[in-house]
Every structure is written in structure tokens, then in C-alpha cells.
Amino acid sequence: MTLRAILQARLTERRERGLYRRLKTLEAAPSPGAVLDGRPMVAFSSNDYLGLATHPEVIAAQQEGARLGAGATASHLVNGHFGIHEQLQDALAAATGREAALVFSSGYAANMGAICALIGRGDSIVSDKLNHASLIDGARLSRAESLRFAHSDTGALARQLARAATAGGNTLVAVDGVYSMDGDCAPLAEIAQLCREHDAWLMVDEAHGFGVMGSEALPVAGSAAAAGLGEEEVPVLMGTLGKAAGNAGAFVAGSRELIDYLVQFARTYIYTTGMPPAVAAGALAAVRVMQRKPELRQCLQDNIAHFRRGAAERGLPLCDSASPIQPLLLGCEQTVMSVAAELASRGFLVGAIRPPTVPAGTARLRITLSAAHTAAQIDALLDALGTALTGTLCGEGAAREVSP
Ligand SMILES: *Cc1c(COP(=O)(O)O)cnc(C)c1O
């Protein structure tokens, strides 16, 4: 068979299973006003939780940063590392309460690079089954023994840690702090305690925690800080700059030795072009805005509470999530697609998430809230959801004892 024929067959199979994905081409930044096919929409599908992707200060900083050049022109270790990267790394280290930080061009690269640098053959990596694909791929590529545990099941984690201990090498436990498709937080205090008991290193992916939550002293550091954990408990903290920070890229924060080590050994840092200076400048401005404006987080929290209250009143299949990620579990792919299409026709963009991104039978609408939404926009979405969902829930997967 020719390559083209094989690809056509595989694509047809995917279409028949209702899993075919199509790109939406937007004509404006979805924060939260988007334009799709010439029509104005309200987006409840971006990860721009604080509205920083369109914040005037952040955009002005990007434009100013572009005066250093449109691109970094080389890898960080060759000649693609600028003062603006250093400033951003210092700001990220301070914001997360760590000694140092290192920027990567994406969260995907940061996770793959950090995991593969820290462990290898003879070691073990223990992961939550709902971990982000980049952590899973990092685990695979590392060649360490990969052990998984049922979502947020600390008993199962303890058993895998005991198994890992018999293997003799080092053990890395990697979890999302806030799960990207469910919105729930990992039980980090218990996980950290188990890591301490088993001499395992804990890595927390703060893609959805950074900027959104933290402690009193470190209000934007993420879910680990919110759980009262610092560098001793969470020696490897990864965060992204394309979500609440509204830009692109990511970082790992930790001890000076960790960062120095990653510069030497993280291949996704070494063998790739440096972050464009404009992006570093935009991200730095975003971190400063986050820290200076706690009212953005308050507004986000108010919007989350408003959405959950309205959804509960309307009997929508809410999940147990306190984060800006508010999935509505519908179960079957066709229902999710038809409800998302109905919402789009009413001017709302929501994520339609299907397997293999989520487990079979747990297709869902992934609704994300932002500080930039108004109460009226949220009410309008809730009304549209109420109408779209009436009578459309498909028997099997609908509103059952889904998630956390
Ligand atoms: C988005 C995401 C990533 C990847 O980050 P990018 O910067 O988009 O590559 C990693 N982990 C989690 C949990 C994410 O949600």
C-alpha cells in the first residue's frame, strides 16, 4: 500500500469513530472575545485564565522585546540567551520561591527534557494515570521503569513506590498539580509525604496552577504552594507561560544545582532555538502583572463560583473542580460534538474533548473560565448550555459517577 492509501484508511477509521479533529481558525485572540468565520464569539475554551494574553502591558512588553530581534537566532547555549531571559528566570524563581529557574520553549519540551535528564535506565518513574501527555512521553523516552497509579489514588501510589524501591535506582514521581482535563487538584500533601517516606523525588507540573493559585507568601506559585509545600517537598517544579501567563514557553524551577544540571543535560533545552526575546519580555511583564494585581485572581475565583452555582441550579453534570477548568462530563463523543456545535451556533466556543485525550466513555465539554469573563457572559453560556443539553444526554456515559 502507498503511504497515502494507508493514511486515508486510518483517517477514515478515525472519522467513523467520531474522533476526527478539525482545526478552528480564529481571527482574533480568544480572551474572551474571539472571531470565528467572521462571527464574534465568546470563548470559554482558552487557558488564558487571567486575561493576560491581551493585557496592554503584556503586549507592549512583547513589542518592546521584539526590538532585540524577532527570534533568538540560536540555542541558548550558542548565542540565543539574552538578558531578558535572565530577568524572566529570576522573576520566575522569585515567584515560585525557588533558587533558580530555566526557561524552555514549551511545556511539552520542559517536561520531556527534565524527566529524561533526571532519570534513565535502572531508575523508576511513577505517574498518575491522568498525567498530561508530555509527562507520559517523557516517562517513555527516559527508559526508566514506568509505573502508573489510578488517578489521585495515594494507596496505589504507595504500592508503586514500594515496587520502585525494589528496583534499586532513583525514583521520580511526576504529577499534574491541577489536572488539565478534569480541573481537580492532586492530593499533593499526601503525595509529598509518601515521596519523603520512600526517598522519591517529586515533580509537579503547574501548567494550570501557576498564576492561578498559591500561598499567602507566594500567591502565584501554584498548587504545591497552595498545599503548603516548598522546594524541599517539591524539588522539581514545572510551570508554563502559555496559560495564565498568556504568552508561550515554560520553565522548571528548583535548586541552583537542578538548574545548572538541566542546562548541561536537558536535551530539549540544549538542542533547540532559544525562546524569542519578545516572548520572554511578554512573559516577564505577565508575571509582574500577576503579582501586582491580586484582583485578577479574585475576579477569576468569583467567576468560577458564579459558573458553578448557575450550573448546579440548572442540574448540569458538573465535576468536582475548584479550578478554572470546569468540565461537563457527557460521556459519548457524538453528544459532545453536537452540544459544542449547538453552543457555537449561539456564539460560544467551548472545548469538545474526546478520547484519546481523555479515557474512553468520558468525552466532555471543557469549559474554562477567565478573569476577563463578565457575569453576563457566564449567565448567557449557562442558559445556552441548559437549552443545548436538554434531552441530549446519551444514556450510558451521561452524568454518572464521573471524575474527580
Ligand atoms: C499545556 C500543558 C503542558 C504543555 O505546555 P505547553 O507549553 O503548551 O507545551 C504540560 N502539562 C500540562 C498539564 C499542560 O496542561
Side-chain angles (χ1 to χ4, degrees), residues 23 29-31 45-50 52-53 88-89 92 96 101-116 125 127-142 148 151-152 172-186 188 191 202-213 221-224 226 234 236-253 266-269 272-276 279-280 282-283 286-287 321 323-327 351 353 356-359 364 366-370 403-404:
L23 287 164
S31 289
S45 48
S46 90
N47 301 313
D48 181 25
Y49 305 126
L50 301 175
L52 295 181
L88 172 59
Q89 290 180 167
L92 292 167
T96 53
L102 187 69
V103 297
F104 287 76
S105 48
S106 73
Y108 198 102
N111 279 339
M112 300 262 287
I115 292 172
C116 293
I125 176 159
S127 324
D128 187 288
K129 282 206 170 149
L130 293 190
N131 270 359
H132 189 263
S134 53
L135 291 171
I136 294 170
D137 292 355
R140 281 195 189 136
L141 193 65
S142 73
R148 299 174 77 184
H151 180 50
S152 290
L172 180 70
V173 173
V175 293
D176 287 19
V178 177
Y179 284 86
S180 54
M181 296 298 139
D182 293 70
D184 58 329
C185 289
L188 288 176
I191 292 174
L202 178 56
M203 170 173 183
V204 177
D205 176 336
E206 297 278 17
H208 301 279
F210 178 68
V212 170
M213 57 185 83
S223 59
V234 182
V236 188
L237 183 158
M238 174 273 187
T240 61
L241 300 170
K243 287 167 180 157
N247 279 264
F251 65 92
V252 173
R267 293 170 64 86
T268 60
Y269 177 79
T272 199
T273 299
M275 171 186 280
V279 174
V287 172
S321 161
S323 78
I325 302 164
Q326 293 291 329
I353 312 289
T357 304
V358 292
R364 66 198 66 187
R366 178 176 182 270
I367 293 164
T368 50
L369 294 159
S370 160
S403 210

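It should be emphasised that the depicted structure is a prediction, and the values quoted were computed from it without experimental measurement. Atoms within a ligand are numbered from 1 in the order they appear, just like the ligands themselves.
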With atoms numbered from 1 as shown, which atoms in ligand 1 lie under 4.0 angstrom from a non-hydrogen atom of [X]?
X	answer
Thr240	5 (O), 7 (O)
Tyr108	4 (C), 5 (O), 6 (P), 9 (O)
Gly107	4 (C), 5 (O), 6 (P), 7 (O), 9 (O)
Lys243	1 (C), 2 (C), 3 (C), 5 (O), 14 (C), 15 (O)
Ser134	10 (C), 11 (N)
Asp205	10 (C), 11 (N), 12 (C), 13 (C)
Ser180	15 (O)

Backbone N/O of [Y] and side chain of [X]: donor-acceptor pair under 3.5 Å:
X	Y	value
Thr272	Thr268	no
Glu206	Ala224	yes
Asn131	Ala174	yes
Arg148	Ile136	no
Ser152	Ala186	no

Exercise. Would you give the length of the straight line joining atom CD1 of Ile325 to atom NE2 of His208, rounded to the nearest 0.5 angstrom?
Key: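 Reported value, rounded in 0.5 Å steps: 4.5 Å.
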Exercise. Indicate, as side chain, backbone, both or neither, the part of Asn111 found under 4.0 angstrom from ligand 1 when only non-hydrogen atoms are considered.
Key: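 The part of Asn111 near ligand 1 is the side chain, not the backbone.
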Exercise. Have a look at ligand 1 and work out which part of Ala207, if any, has a heavy atom under 4.0 Å from it: side chain, backbone, both or neither.
Key: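 Side chain only; the backbone of Ala207 stays clear of ligand 1.
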Quiz item: Is Phe210 close to Thr240 at the side-chain level, that is, under 4.5 Å between some pair of heavy atoms?
Solution: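 The answer is no; the side chains never approach within 4.5 Å.
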Quiz item: Got the closest protein heavy atom to atom 15 (O) of ligand 1, with its distance?
Solution: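 Heavy-atom neighbour on the protein nearest atom 15 (O) of ligand 1: His208 NE2, 2.5 Å.
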